[in-house]
Structures are given as C-alpha cells and as structure tokens.
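Some notes on the structure that comes next.
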Amino acid sequence: MLRLITRSLALASLLGCSSSTPVPAPVYDTCAVVEECVETATLCEGLAVDFGGFTYSNAICTLECEGEGALSPDCPRAWVGRAGSCYPSSIAGGIDDTLVCFEPCDLDSDCLWTFRCLGGQDLCGDTTLCPIEDGEAICVPGPT
C-alpha cells in the first residue's frame, strides 16, 4: 500500500498536481522573442504557411539541428513522445533553409492551438522534392 501511495505522489508531482514547482514549457511552444522560450531553445523561428488559400503565421521556440529527417537525434522530444523532426525552416515559410527542429504529429490535436499537422503533400505539393518523409508530418501554423 505504501508503494502505491508513493507512486501516486510521484506521478502527481510529475504532472504538476501537488507541487509549487511549475511544469516546464515545451520546447516547441509559441513565442514572440527567444527570451520567452525554455533554456534549451535557441531560436524563436517565424513561420508562415499557405494553406487553403490563406496564409497562417506564428513563431515557435526551437533550435538548429544537423540530422535532417524525422526523429532527429538533434531534436528534443515533443508531447507525442517522439523526437522532433529536423527540416529546413523554409519548408514551413521560414526565412531561409536553416535546419530547425519541428514538433512531429499524427493529428491536428497533437499540435498547439493555432497550429495544424501537415505532411509533405500539403507543405510541398510535389513530394518527390520534399524533405518531409512519406507518412511523417509536422506542426505548423494553421487554422484552428
């Protein structure tokens, strides 16, 4: 019984239920300036995605990466439990081809509010030239 109580308290503490310690913000949170991001994020990357005839803009806390592709060892884990994806910022309307970490997703609900989950077909059109692998998707600004 004591073991069960100890585990329950530990779980509650991890979830931020009973402690005055704040739950840390995710690396892939929205931002206006990099100072709003967690320490491990080194960029507040502005993105602008054209989708459905509209342009959706926002910025995310992120960092540069080298291992291009899904599940990059350079990118921190996202809320979905997988490592982030490393792609050129320009894939989501960033200003250049700097490789940055994006939050991976399976569904729109995996992304922050005002973001949506899009794959290579939606972001690139021509998937033969798209760096996003088949079956993979990332969170980008979009309609809610």
Side-chain angles (χ1 to χ4, degrees), residues 4 6-144:
L4 178 60
T6 303
R7 286 184 183 172
S8 296
L9 290 173
L11 179 60
S13 177
L14 285 173
L15 295 175
C17 298
S18 65
S19 149
S20 62
T21 305
V23 176
V27 169
Y28 306 106
D29 203 359
T30 58
C31 56
V33 293
V34 74
E35 289 77 19
E36 294 177 348
C37 301
V38 295
E39 287 181 20
T40 53
T42 56
L43 300 169
C44 178
E45 189 72 18
L47 305 172
V49 175
D50 294 327
F51 185 76
F54 295 95
T55 299
Y56 299 92
S57 300
N58 212 327
I60 60 167
C61 299
T62 189
L63 55 147
E64 288 188 38
C65 50
E66 293 179 18
E68 186 173 349
L71 304 174
S72 174
D74 298 338
C75 297
R77 289 191 179 277
W79 287 116
V80 294
R82 297 190 307 264
S85 301
C86 180
Y87 295 117
S89 173
S90 60
I91 196 73
I95 60 171
D96 58 27
D97 286 334
T98 300
L99 293 174
V100 299
C101 295
F102 287 94
E103 185 173 19
C105 56
D106 298 311
L107 307 165
D108 287 344
S109 60
D110 294 336
C111 302
L112 295 167
W113 186 70
T114 72
F115 281 73
R116 71 174 308 151
C117 186
L118 294 180
Q121 180 68 42
D122 292 318
L123 288 169
C124 303
D126 180 4
T127 57
T128 58
L129 301 175
C130 189
I132 296 179
E133 301 164 17
D134 285 342
E136 295 295 329
I138 57 174
C139 295
V140 296
T144 56

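Index from 1, following the sequence. Computed from a predicted model, the values in this text were never measured in an experiment.
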Taking every non-hydrogen atom, the tightest pair across [X] and [Y]:
X      : Y      : result
Leu47  : Ala92  : CB-O, 3.3 Å
Cys130 : Gly120 : SG-CA, 3.6 Å
Glu103 : Asp110 : OE2-O, 3.8 Å
Arg82  : Asp106 : NH1-OD2, 3.0 Å
Tyr28  : Arg77  : CE1-O, 3.8 Å
Val34  : Ala41  : CG2-O, 4.1 Å

I'd like to know if the two cysteines, [Y] and [X], have SG atoms within less than 2.5 Å.
X      : Y      : result
Cys61  : Cys31  : no
Cys65  : Cys86  : yes
Cys139 : Cys105 : no

Under 4.5 Å between any side-chain heavy atoms of [X] and [Y], yes or no?
X      : Y      : result
Ile138 : Leu123 : yes
Pro104 : Val80  : yes
Cys75  : Phe102 : no
Val27  : Leu63  : yes
Val33  : Cys44  : no
Thr30  : Trp113 : no
Leu43  : Cys101 : no

Mind checking the [atom1]-[atom2] spacing from [X] to [Y]? Nearest 0.5 Å is all I need.
X      : Y      : atom1 : atom2 : answer
Asp96  : Ser90  : CG    : OG    : 7.5 Å
Leu118 : Cys124 : CG    : SG    : 10.5 Å
Glu136 : Cys117 : CD    : SG    : 9.5 Å
Asp74  : Ser85  : CG    : OG    : 11.5 Å

So, [X] side chain and [Y] main chain: donor-acceptor pair closer than 3.5 Å or not?
X     : Y      : answer
Ser72 : Gly67  : yes
Tyr56 : Val140 : no
Asn58 : Pro141 : no

Are a donor atom and an acceptor atom from the side chains of Glu45 and Thr62 found within less than 3.5 Å of each other? no

